[in-house]
Protein chains: 2
Amino acid sequence: MSVSKTAATEASKTRKEAGEGGSEHALQMGELSELLGYLMKRAQLKVFEDFLRCVAPLQLTPAQFSVLLLVDRNPGRNQTEIANTLGILRPNFVSMLDNLESRDLCMRMRSTNDRRSHILVLTDKGRAVLARAKKLVATKHEARLNELLGPANRTALLAMLTKIAAEF
Amino acid sequence: MSVSKTAATEASKTRKEAGEGGSEHALQMGELSELLGYLMKRAQLKVFEDFLRCVAPLQLTPAQFSVLLLVDRNPGRNQTEIANTLGILRPNFVSMLDNLESRDLCMRMRSTNDRRSHILVLTDKGRAVLARAKKLVATKHEARLNELLGPANRTALLAMLTKIAAEF
DNA sequence: TAATAATTGTTATTGACCATATCAAATATT
DNA sequence: AATATTTGATATGGTCAATAACAATTATTA
């Protein structure tokens, strides 16, 4: 089982092999393959990757999509409220909105009640893009998860992630 | 220096939780609460937060912990091999090792076979810290997941994350 | 009402993280 | 021997996350 250090170093010189990416022997993952954070991070990166692929025609990141969703569902809210709900810090939300506004997906409107705040509204184009994005996400992205896990497991996974996000 | 990690966790107390605070009504999350990427990212952040808390006495990030684990389990491997396995780019792995080496947790040794490469080895202190870290992770971090989900669900979650990380 | 505090959006800045190009030394290939 | 590839390293740019600070506005309170 255990390999001596000299044998291991010897082995390191031996190989070049055809395979995926790494041309060496696979390393022992050890307890890494049971480490929640490691698996979660790896999975999350894959999910974001796939999201970007699926919604690439619309040039929307996951964060941008979530902003459009939330603004659409919550008319009359200001920047701070939207940003807080998404866990985005207010300073960092500014450039994000600048981007969406420059692409005519979203608009800042001065509130009549409180002239400090900007009420956020989707433009017609913003609503149209959001609708197309939702369709792409549902038919390509989330559908992929269904194929991989099955509907029951998918539901279970989302429930567990929700619980972790809320109570961990 | 390098208190940025603790500073970040300290700052989490300042951060307002999404949808909390009795003054404002909670926003409608809409299909956000069913969006895989959103939930995954939120959950992942919580998990990393908790990991940092649990292993704070040892001042190890999840990434550093994974490096120690992998080096320990794979004696005789060089930087490229370890970095590749963890999905870390070689240039970015350099400063990471500089850090671990400066803390006397890890050592670079010139290979006798190939004088270009650095064989990575844990120091005695590195092995000791790793052992303590493993214990903290098991008894505080992963145990927390068990309490939250139960053993069966925890196993199911890890399996699904593994599948997503591998096949998505 | 006047003075003070708090809030909103914003700018500036910093540090962490990810990615690419490039380099010298060493090794592999031709 | 000449050329190509690999390894660790440096430099650099981009994206995020986080903090401090500021002007305009609103809320508080003395």
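All values reported here derive from a predicted model rather than from experimental measurement.
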Sugar-phosphate only, base, or nothing, as touched by Arg115(B) at under 4.0 Å among non-hydrogen atoms: sugar-phosphate

Do Leu32(B) and Leu45(B) belong together in a cluster built from hydrophobic side chains that touch within less than 4.5 Å? no

When the distance from NE2 of His118(A) to C1' of dT10(C) is rounded to whole Å, what number comes out? 9 Å

Quickly work out the Arg77(B) CZ to dT6(D) P distance and round it to whole Å. 17 Å

Distance in angstrom units between Phe93(B) CZ and dC17(C) P, rounded: 14 Å

Between dC18(C) atom P and Phe48(A) atom CZ, what is the distance in whole Å? 13 Å

Does a side chain donor of either His141(A) or Asp50(A) reach within less than 3.5 Å of an acceptor in the other side chain? yes

Between dT6(D) (C1') and Asp114(B) (CG): distance, integer Å: 8 Å

Take atom CG of Asn99(A) and atom C1' of dG14(D), then tell me their distance rounded to the nearest Å. 14 Å

Side-chain N or O of Thr80(A) closer than 4.0 Å to phosphate OP1/OP2 of dT7(C): no

Hey, is the side chain of Arg90(B) poking within less than 4.0 Å of OP1 or OP2 on dT10(D), counting only N and O atoms? no

Can you work out whether Thr112(A) or Thr61(A) has the more 5'-proximal nearest nucleotide on DNA chain D? Thr61(A)

Between CE of Met96(A) and P of dA17(D) the distance, given in whole Å, is 9 Å

So which nucleotide from dG8(D), dA27(D), dT11(C) ends up closest to the side chain of Gln79(B)? dG8(D)

Does Ile88(A) or Ser117(B) map to a spot on DNA chain D nearer the 5' end, using the closest nucleotide for each? Ser117(B)

Do Val94(A) and Val67(A) sit in the same hydrophobic cluster, where Ile, Leu, Val, Met, Phe, Trp and Tyr count as joined when their side-chain heavy atoms come under 4.5 Å apart? no

Evaluate the ring-ring contact (aromatic ring centres under 6.0 Å, His included) criterion for residues Tyr38(A) and Phe65(B): first the C-alpha distance (whole Å), next the side-chain angles of each, then the deciding distance (0.1 Å), finally the verdict. CA-CA 10 Å; Tyr38(A) 178 77; Phe65(B) 179 68; over 10 Å; no

Joint cluster assignment, Met107(A) & Leu100(A), ILVMFWY side-chain distance < 4.5 Å: no

Given His118(B), which partner from the list Gln79(B), Arg77(B), Arg108(B) fulfils the side chain to side chain donor-acceptor pair (under 3.5 Å) test? Gln79(B)

Rounding to a whole Å, what distance do you find between Gln44(B):CD and dC16(D):P? 15 Å

Should the pair Glu167(B)-Lys46(A) be classified as a salt bridge under the 4.0 Å nitrogen-to-oxygen rule? no

Which nucleotide in dC18(C), dA27(D), dT10(C) has an atom nearest any side-chain atom of Arg108(A): dT10(C)

Pairs under 3.5 angstrom, nitrogen or oxygen only, protein versus nucleotides 19-23 of chain C, please.
{"from": "dA19(C)", "atom 1": "N7", "to": "Asn92(B)", "atom 2": "OD1", "distance (Å)": "3.3"}
{"from": "dA19(C)", "atom 1": "N7", "to": "Asn92(B)", "atom 2": "ND2", "distance (Å)": "3.0"}
{"from": "dA19(C)", "atom 1": "N6", "to": "Asn92(B)", "atom 2": "OD1", "distance (Å)": "3.1"}

Judged by each residue's nearest nucleotide on DNA chain C, which is more toward the 5′ side, Ile119(A) or Leu45(A)? Ile119(A)

same_hphob_cluster(Ile119(A), Phe93(A)) at 4.5 Å side-chain heavy-atom cutoff: no

Taking the nucleotide of DNA chain C with the closest heavy atom to each, which residue, Asn78(A) or Lys41(A), is nearer the 5' end? Asn78(A)

Heavy atoms from C-beta onward define the side chain here; which of dT10(C), dA26(C), dA9(D) lies closest to that of Val94(A)? dT10(C)

